[in-house]
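From a predicted model like this one, the values you see are computed outputs, not experimental measurements. Position 1 is the first residue of the sequence; numbering continues from there.
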Amino acid sequence: YSIVIDNLKDGVVITDLQDQILTGNKTAHEILDELSPEKIFDSVRSSMIETIDFPNDLGKLVGFKENIRFLDKKSNRYFDFYVTKAKDKKDLYGYILQFIDVSHHYQAYKDIQQIAEIDGLTGAMNRTYFSSIFSETYEQLRLNRSDFSIAILDIDDFKMINDQFGHLIGVKVLQAM
């Protein structure tokens with residue numbers, strides 16, 4: 001079993017009930033500076049994608065509802081952090097800390113997000129992007145009692161440019177704006 005666990009692309013750390021590290025595989029050693037519960041929590045917290053408050057207690061992290069995602073800056077890989085119980089049918093022996101490599105899922109998410117928020121022709125942020133940031137930005141400005149303005153551009157009779165000069169020229173005009 002140890003050869004299989006050691007060669008997983010995901011990190012695995014096994015502890016006893018007193019949170020003492022019993023073993024960690026090769027990937028866990030690569031992504032974590034030191035295999036101790038305190039250092040593991042510090043490493044995960046300092047590299048989180050979204051700040052989430054989570055307990056420093058392995059038992060309380062079992063079944064934790066929030067997605068704890070962090071970036072390993074050394075390998076530039078994204079991992080989700082989970083804790084499960086190490087037990088048989090009746091006895092609890094410790095905990096299994098899993099660091100699941102979600103790098104290509106995360107990259108696919110970012111690619112889809114970019115497609116959804118950026119106009120493919122002009123490279124400009126689109127209405128979806130505007131909608132996603134407007135509420136948050138407006139609330140921040142309102143709380144700070146800051147003045148702000150919004151400029152909206154409307155190109156009258158743009159269809160005429162496409163009809164007269166063709167869509168390729170129309171795209172170039174949009175890109176130049």
Self-check item: Minimum heavy-atom distance between Lys26 and Asp6, given as atom pair plus value
Solution: N-OD1, 2.8 Å
Quiz prompt | Option passing side-chain hydrogen bond (donor to acceptor under 3.5 Å, both in side chains) with Tyr93 (candidates Asp88, Asp16, Thr15) | solution = Asp88
Self-check item: Pairing residues for Asp163 by the salt bridge (charged side-chain N to carboxylate O under 4.0 Å, His left out) criterion, not counting sequence neighbours
Solution: Lys159
Quiz prompt | Phe79: partners by ring-ring contact (aromatic ring centres under 6.0 Å, His included), with sequence neighbours left out | solution = Phe70
Quiz item: Quick one: do Phe158 and Ile169 end up in the same hydrophobic cluster if we chain Ile, Leu, Val, Met, Phe, Trp and Tyr together by side-chain heavy atoms under 4.5 Å apart?
Solution: yes
Quiz prompt | Spacing of CD1 belonging to Ile96 relative to OG1 belonging to Thr84, to within rounding of 0.5 Å | solution = 4.0 Å
Self-check item: Pair Phe41-Asp57, side chain to side chain contact (heavy atoms under 4.5 Å, CB included): steps then yes or no
Solution: CA-CA 10 Å; Phe41 288 129; Asp57 181 326; over 6 Å; no
Self-check item: Residues, nucleotides or ligands: over 12 heavy atoms within 6.0 Å of Tyr129 OH
Solution: no
Quiz item: Roughly how far, to the nearest 0.5 Å, is the CG atom of Asp111 from the NE2 atom of His104?
Solution: 11.0 Å
Quiz item: Is any side-chain heavy atom of Val62 less than 4.5 Å from a side-chain heavy atom of Tyr95?
Solution: yes
Exercise. Please assess Ile68 against Val44 for the test side chain to side chain contact (heavy atoms under 4.5 Å, CB included), listing each intermediate value before the final yes or no.
Key: CA-CA 8 Å; Ile68 302 171; Val44 170; 3.6 Å; yes
Self-check item: Derivation and outcome, side chain to side chain contact (heavy atoms under 4.5 Å, CB included), residues Met125 and Ile118
Solution: CA-CA 5 Å; Met125 300 299 180; Ile118 297 174; 3.7 Å; yes
Quiz item: Is Leu143 atom CG crowded by more than 12 heavy atoms from other residues, nucleotides or ligands, each under 6.0 Å away?
Solution: yes
Quiz item: How long is the gap from NZ on Lys73 to OG on Ser46, to the nearest 0.5 Å?
Solution: 5.5 Å
Exercise. Could you tell me whether the side chains of Asp101 and Ser103 share a donor-acceptor contact shorter than 3.5 Å?
Key: yes
Self-check item: Closest contact, heavy atoms only, Thr137 versus Ile133
Solution: OG1-O, 2.8 Å
Quiz item: With hydrophobic residues grouped by side-chain heavy-atom distances under 4.5 Å, do Phe64 and Ile49 end up in a single group?
Solution: no
Quiz item: So with a 6.0 Å cut-off around CD of Glu50, is the heavy-atom count from everything else above 12?
Solution: no
Quiz item: Between Phe99 and Phe81, how do the two ring planes meet: parallel, tilted or perpendicular, split at 30° and 60°?
Solution: parallel
Quiz item: Crowded around Glu30 CD? As in, over 12 foreign heavy atoms under 6.0 Å?
Solution: yes
Practice problem: Would you give the length of the straight line joining atom OG of Ser132 to atom CZ of Arg127, rounded to the nearest 0.5 angstrom? | Solution: 12.5 Å
Quiz item: For Lys110 and Gln107, does a side-chain donor sit closer than 3.5 Å to a side-chain acceptor?
Solution: no
Quiz item: Which of these, Asp42, Ile40, Leu97, Thr27, sits in a side chain to side chain contact (heavy atoms under 4.5 Å, CB included) with Leu32?
Solution: Ile40
Quiz prompt | Phe54 vs Val83, side chain to side chain contact (heavy atoms under 4.5 Å, CB included): CA-CA, chis, key distance, verdict | solution = CA-CA 12 Å; Phe54 63 90; Val83 177; over 6 Å; no
Quiz item: Quick one: do Ile52 and Tyr106 end up in the same hydrophobic cluster if we chain Ile, Leu, Val, Met, Phe, Trp and Tyr together by side-chain heavy atoms under 4.5 Å apart?
Solution: no
Quiz item: Are any of the side-chain heavy atoms of Asp10 and Gln98 separated by less than 4.5 Å?
Solution: no
Practice problem: Mind jotting down which residue pairs meet the ring-ring contact (aromatic ring centres under 6.0 Å, His included) criterion with at least one end in residues 5-38? Sequence neighbours excluded, please. | Solution: none
Practice problem: Kindly work out whether a path of hydrophobic side-chain contacts (I/L/V/M/F/W/Y, heavy atoms less than 4.5 Å apart) joins Ile31 to Ile21. | Solution: yes
Quiz item: If you round to the nearest 0.5 Å, how far is CG of Leu58 from CD of Gln18?
Solution: 11.5 Å
Exercise. Find out if a path of hydrophobic residues (ILVMFWY) with successive side-chain heavy-atom gaps under 4.5 Å connects Leu71 to Ile100.
Key: yes
Quiz prompt | Partners passing salt bridge (charged side-chain N to carboxylate O under 4.0 Å, His left out) against Glu136 (at least two apart in sequence or in another chain) | solution = none
Quiz item: Under a 4.0 Å N-O cut-off, is there an ion pair linking Arg77 with Asp72?
Solution: no
Quiz prompt | By ring-ring contact (aromatic ring centres under 6.0 Å, His included) - contacts of Phe134 (at least two apart) | solution = Phe130, Tyr138
Quiz item: What heavy-atom pair brings Gly170 and Ile161 nearest, and what distance separates the two atoms?
Solution: CA-CG2, 4.2 Å
Quiz item: Going by heavy atoms in the side chains, are Asn67 and Tyr82 under 4.5 Å from each other?
Solution: yes
Exercise. Decide if atom OH of Tyr109 counts as having more than 12 heavy atoms of other residues, nucleotides or ligands within a radius under 6.0 Å.
Key: no
Quiz item: Roughly how far, to the nearest 0.5 Å, is CG of Asp147 from CG of Leu141?
Solution: 9.5 Å
Exercise. Using the test salt bridge (charged side-chain N to carboxylate O under 4.0 Å, His left out), find all partners of Lys74 that sit at least two apart in sequence or belong to another chain.
Key: Asp33
